Number of protein chains: 2
Amino acid sequence: MEQRYISPAVITRLPRYYRYLNDLMDKGTERISSADLSRIMNVTASQIRQDLNHFGGFGQQGYGYNVPHLYQEIGRILGLEHEHAMIIIGAGNLGRALANYVNFERRGFRIIGVFDKTDRPGDESIRGHRIMGTDKLPEFISNNRVDIAALTLPSEGARKVCPILTEGGIKAIWNFAHTDLDVPEGVVVENVHLSESLMKLSYALHADENRQD
Amino acid sequence: MEQRYISPAVITRLPRYYRYLNDLMDKGTERISSADLSRIMNVTASQIRQDLNHFGGFGQQGYGYNVPHLYQEIGRILGLEHEHAMIIIGAGNLGRALANYVNFERRGFRIIGVFDKTDRPGDESIRGHRIMGTDKLPEFISNNRVDIAALTLPSEGARKVCPILTEGGIKAIWNFAHTDLDVPEGVVVENVHLSESLMKLSYALHADENRQD
DNA sequence: TAGATTGTTAATCGATTAACAATC
DNA sequence: TAGATTGTTAATCGATTAACAATC
């Protein structure tokens, strides 16, 4: 199956399909039609079929989709059959939260290092990882394959550390800092801007007030 | 200025404008044109003008936009001139991270309570808040105005606690659990699905492998 | 085979961009 | 006033939905 450019909108929906298929597997469901899945997920059956067809024919006419097979295929598309070595930069509460997140580990995202500013108390550790100073980053990156760097430190630190990561060859950055990052071609950044998410919620909560001003 | 339905795409961009305008204010910039802002933000000037015009004429022909004024207006649209009382349900690492997030406090999101399952060690506290059992929730909600509930607990707990919150009259839920929530009309949910975000990153990292399979 | 349901094309809808008249 | 730049309409682009022929 040849595959061209896939729109971000489609990609964003894949993990959600994956989650629902996982639920269906847990319930022992063997097959599902786009119509049934559309009812469960609150999307149109048409969208499900369109989305999945970007990646090839996973279904069968008159039958629907085989749940475990589709689950596995989407996992493969998402790259989840690979192990990912991840480092966390910023050992505050959020970094700690990510480091301790068992679900990521379960999906093959393995944390291999935790960093923070140099002047960190020496032997503090997170989940068995001694916290290293960011000055150790270049050495660490060149000695270990790092697939993903999660940035859970303030904006300024994130912008400073970013070129060190990309120069070290890291190709994926999971950015929790409240700033956009400038990265070279070929490096992907996934932003999680919590305050922006909270502001959206605040907007929705007050949307009616904006009706006429 | 009459205002009708605003698309989610526009809303999502507002906090980002807000952030860049804040940066400009810090630099002491008094005014900016859509063209200049578009260069800084990597969007089209046309989009900026369209977006802002949904809410009324904030600019001036031949001049551009007054930075502090536009900043304030977007803040108002986002509901940031209100104080928001927030509770956190789930006192794990993530809940702890949110509770300790000074930036939220600065924007008027004040944490007034932290909850976790009942069988929690009695006198543990987060940022001055004793952790209460979720069995105390109905009473707490009826005695305190709660604007936003952040759910930082496992999916099952989130689904269980959700109706308690909505029945108590809470109108906004910030959902970090890996599940979709069913809420009554008039209640807004903002989802932060970290594992789905991570999967998107994983996809992007391996997108080239999908080219032909 | 008949019934069900996909894969896929065509129609619709919405969002983004371009263009330019209005106006400061 | 002339120049700049918005507000806004029209054109384009992309994403979603509908429809149905293909096929299991």
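What you see is a predicted model, and the numbers here were worked out from it, not measured in a lab. In the text below, chain A, chain B and the rest are named by the order of the sequence lines, each starting its count at 1.
Of the listed nucleotides (D:dT6, D:dA10, C:dT9), C:dT9 has the atom at the smallest distance from the side chain of A:Gln50. Checked against C:dC24, D:dT6, C:dT6, the side chain of A:Ser33 finds its nearest nucleotide in C:dT6.
Judged purely by atom type and a 3.5 angstrom limit, B:Thr152 uses its side chain to pair as donor or acceptor with the backbone of B:Ile89.
Rounded to whole angstrom, the span from the CG atom of A:Leu52 across to the P atom of D:dT16 amounts to 13 Å. A:Gln47 has its CD atom 15 Å from the P atom of C:dT6, to the nearest Å. Distance B:Tyr65 OH to C:dC24 P: 14 Å, rounded to the nearest Å. If you take CG of A:Asn66 and P of C:dT5, they are 15 Å apart, rounded to a whole angstrom. Atoms CD1 (B:Ile48) and P (C:dA15) sit 18 Å apart, rounded to a whole Å. If you measure from atom CG of B:Asn53 to atom C1' of D:dT5, you get 12 Å, rounded to the nearest angstrom. Distance, A:Gln61 CD to C:dT8 P: 8 Å, rounded to whole Å. Distance, A:Phe58 CZ to C:dT6 P: 14 Å, rounded to whole Å.
At a cut-off of 3.5 Å, with distance as the only test, a side-chain donor of A:Glu30 or A:Asn66 sits close to an acceptor on the other residue.
Sorted by first then second residue, the ring-ring contact (aromatic ring centres under 6.0 Å, His included) pairs that include residues 153-180 of chain B, not counting sequence neighbours, are A:Tyr101-B:His178, B:Phe104-B:Trp174, B:Trp174-B:Phe176.
In terms of phosphate contacts, A:Ser34 brings no side-chain nitrogen or oxygen within less than 4.0 Å of OP1 or OP2 of C:dT5. For A:Arg13 and D:dA15, the shortest distance from a side-chain N or O to OP1 or OP2 is not below 4.0 Å. For the OP1/OP2 pair of C:dT6 and a distance below 4.0 Å, the side-chain nitrogens and oxygens of A:Arg49 include at least one atom meeting the criterion. The phosphate of D:dT17 has OP1 or OP2 within less than 4.0 Å of a side-chain N or O from A:Thr44. Close to C:dG14, at under 4.0 Å from its OP1 or OP2, lies no side-chain N or O of B:Ser7.
Taking the side chain to side chain contact (heavy atoms under 4.5 Å, CB included) definition, one finds that A:Arg159 meets it with A:Ser155, A:Glu156, A:Thr179, A:Leu181, sequence neighbours left out.
Relative ring orientation between A:Phe55 and B:Tyr203 is described as perpendicular, the plane-to-plane angle rising above 60° on a 0-90° scale split at 30° and 60°.
Using Watson-Crick or G-U wobble geometry with both donor-acceptor distances under 3.5 Å, D:dC24 finds its partner in C:dG3. Pair assignment for D:dA18 gives C:dT9, based on Watson-Crick or G-U wobble hydrogen-bonding distances that are each under 3.5 Å.
If B:Asp36 and A:Gln60 are placed on DNA chain D by their nearest nucleotide, the residue sitting closer to the 5' end is B:Asp36.
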